[in-house]
Amino acid sequence: MRRLIYFVLAFVIWILLTWQIDAQVVIAGLIASAIVAFLFHEILPKEHRIFISPMRLFWLLVYVPVFFYYMMKANLDVVYRALHPKMPIKPGIVKIKTILKTESGITALANSITLTPGTLTVDLTDDGDPASRETFLYIHWINVKSDDIEQASKLIAQRFEWFLKKIFE
Amino acid sequence: MTDIIGYILIMIGILFDVFGCIGLVRFPDVYNRLQASTKCVTLGTILLLVGVALVSGSGATGAKAIICAVFILITSPTAAHAIAKGAYASGVALWKNSVVDKYAEETDKR
């Protein structure tokens with residue numbers, strides 16, 4: 001199942017990239033997609049169900065405009081700080097906690113944080129206790145508003161977690 | 001009409017790229033510079049590619065531009081994580097006016 005999903009996905013991307021339905025191209029694409037899907041499926045994300053679940057795809061589509069809104073805001077914020085003569089920055093690295101559990105979910109959260117207002121993911125870690133399975137992220141914040149874990153998590157991660165939980169978990 | 005929107009998007013994209021480069025030069029340390037370069041350059045390049053897709057219309061070029069935009073959206077922040085972590089691991093200090101560094105505790109433990 002998993003291999004089949006990745007096989008179809010790789011083949012669709014191949015067809016979009018080459019943009020021609022020609023016997024040679026299609027056969028080469030089938031072979032390449034098969035190699036990718038059957039040899040390397042172990043290093044591909046474990047949450048492959050997102051590609052076949054309509055609800056998850058729907059939330060992914062809802063997430064895209066929300067994400068672009070924050071990304072636009074982030075850019076105007078950074079442009080303001082870069083162009084302001086006094087450069088109003090107050091940088092630091094803070095620690096935040098996430099409620100997400102799946103690998104893809106945490107990756108998506110880390111990438112979303114990097115591309116949105118004043119924050120950049122530096123590293124992530126678990127607390128060494130496998131029972132609670134909580135994940136912590138280290139965030140470089142260009143304008144530190146709070147260095148408290150709870151408060152910073154609320155300010156940085158909460159706006160994405162709600163969507164990402166629906167998409168990936 | 002779509003041509004005009006496409007050209008406007010390309011212009012905005014280039015503008016964001018320029019601002020990203022200005023931030024890259026002005027900000028004080030690696031981490032702040034990464035902030036400027038990752039955010040502005042990602043959005044700028046994506047807008048540029050979407051503009052190209054609109055101008056070229058539906059076809060091979062448009063499809064390629066959109067796929068490139070999606071891949072940039074996925075890979076660019078990942079590269080930024082790698083650079084930030086690598087910089088910290090090799091001992092690049094934060095800017096002297098930084099207010100807090102929680103990551104130091106974590107690296108001390110190891």
Side-chain angles (χ1 to χ4, degrees), chain A residues 12-20 64 67-68 71-85 87 89-96 107-108 110-125 128 136-149 152, chain B residues 15-16 18-32 34-44 46-47 59-64 66-68 70-71 73-81 83-85 87-89 94-95 97-107 109:
Chain A
V12 167
I13 290 174
W14 171 271
I15 291 294
L16 284 176
L17 273 177
T18 52
W19 204 258
Q20 47 183 316
V64 168
F67 175 68
F68 265 88
M71 198 168 149
M72 212 65 205
K73 224 168 96 178
N75 275 277
L76 295 175
D77 182 68
V78 170
V79 168
Y80 165 74
R81 285 176 207 284
L83 294 182
H84 195 286
M87 218 162 48
I89 58 172
K90 205 176 109 189
I93 295 181
V94 298
K95 189 177 184 182
I96 68 163
T107 309
N111 279 5
S112 301
I113 285 173
T114 298
L115 287 174
T116 51
T119 47
L120 178 104
T121 315
V122 178
D123 198 2
L124 66 88
T125 174
F136 296 95
L137 294 152
Y138 289 97
I139 309 286
H140 181 267
W141 204 349
I142 206 165
N143 183 27
V144 176
K145 291 192 189 112
S146 162
D147 58 1
D148 177 56
I149 289 188
Chain B
L15 211 61
F16 270 119
V18 170
F19 288 142
C21 294
I22 293 174
L24 189 65
V25 174
R26 287 202 67 203
F27 281 148
D29 69 356
V30 176
Y31 310 99
N32 289 305
L34 268 177
Q35 296 251 13
S37 54
T38 316
K39 285 190 229 307
C40 290
V41 172
T42 309
L43 184 71
I46 285 174
L47 288 177
T61 320
K64 272 176 200 156
I66 296 295
I67 291 180
C68 287
V70 173
F71 282 145
L73 194 63
I74 298 170
T75 52
S76 164
T78 316
H81 303 165
I83 296 170
K85 198 178 167 183
Y88 206 101
L94 266 74
W95 186 38
N97 292 353
S98 302
V99 285
V100 59
D101 184 7
K102 288 276 176 71
Y103 194 43
E105 303 160 17
E106 170 72 18
T107 37
K109 265 191 290 182

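These figures come from a predicted structure and were not determined experimentally. By convention in this document, chain letters (A, B, ...) are assigned in the order of the sequence lines, proteins followed by strands, and residues within each chain are numbered from 1.
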With rounding to the nearest 0.5 Å, note down the distance linking CG in Leu17(A) to SG in Cys68(B). 7.0 Å
Would you mind reporting whether Met72(A) and Phe16(B) have side-chain heavy atoms less than 4.5 Å apart? yes
Rounded to the nearest 0.5 Å, how far does CG of Leu120(A) lie from CD1 of Ile83(B)? 9.5 Å
With a 4.5 Å heavy-atom cut-off, do Met71(A) and Thr42(B) have their side chains touching? yes
Donor-acceptor pair, side chain of Gln35(B) and main chain of Thr114(A), under 3.5 angstrom: no
So what's closer than 4.5 Å to chain B heavy atoms on Ile139(A): side chain, backbone, both or neither? neither
Under 4.5 Å, counting heavy-atom pairs only, tell me which of Ala63(B), Ala60(B), Gly23(B) racks up the most with chain A. Ala60(B)
Heavy atoms only, distances under 4.5 angstrom: which of Leu47(B), Ile22(B), Ile74(B), Leu43(B) has the most pairs with chain A? Name it, please. Leu43(B)
Identify the heavy atoms of His81(B) and Asn111(A) that sit nearest to each other, and give their distance. CE1-OD1, 3.1 Å
Which bit of Ala108(A) is near chain B, if near means a heavy-atom gap under 4.5 Å: side chain, backbone, both or neither? neither
Quick one: closest heavy-atom pair of Cys40(B) and Val79(A), and the distance? SG-CG2, 4.1 Å
Which heavy atom of Ile67(B) sits nearest a heavy atom of Leu16(A), and at what distance? CD1-CB, 3.3 Å
Region of Ile46(B) that comes under 4.5 Å of a non-hydrogen atom in chain A: side chain
Working to the nearest 0.5 Å, report the span between NE2 of His140(A) and CG of Asn32(B). 4.5 Å
Relative to chain B, which segment of Tyr80(A) carries a heavy atom at a distance below 4.5 Å: side chain, backbone, both, or neither? neither
CH2 on Trp19(A) to OG1 on Thr61(B), rounded to 0.5 Å: 10.0 Å
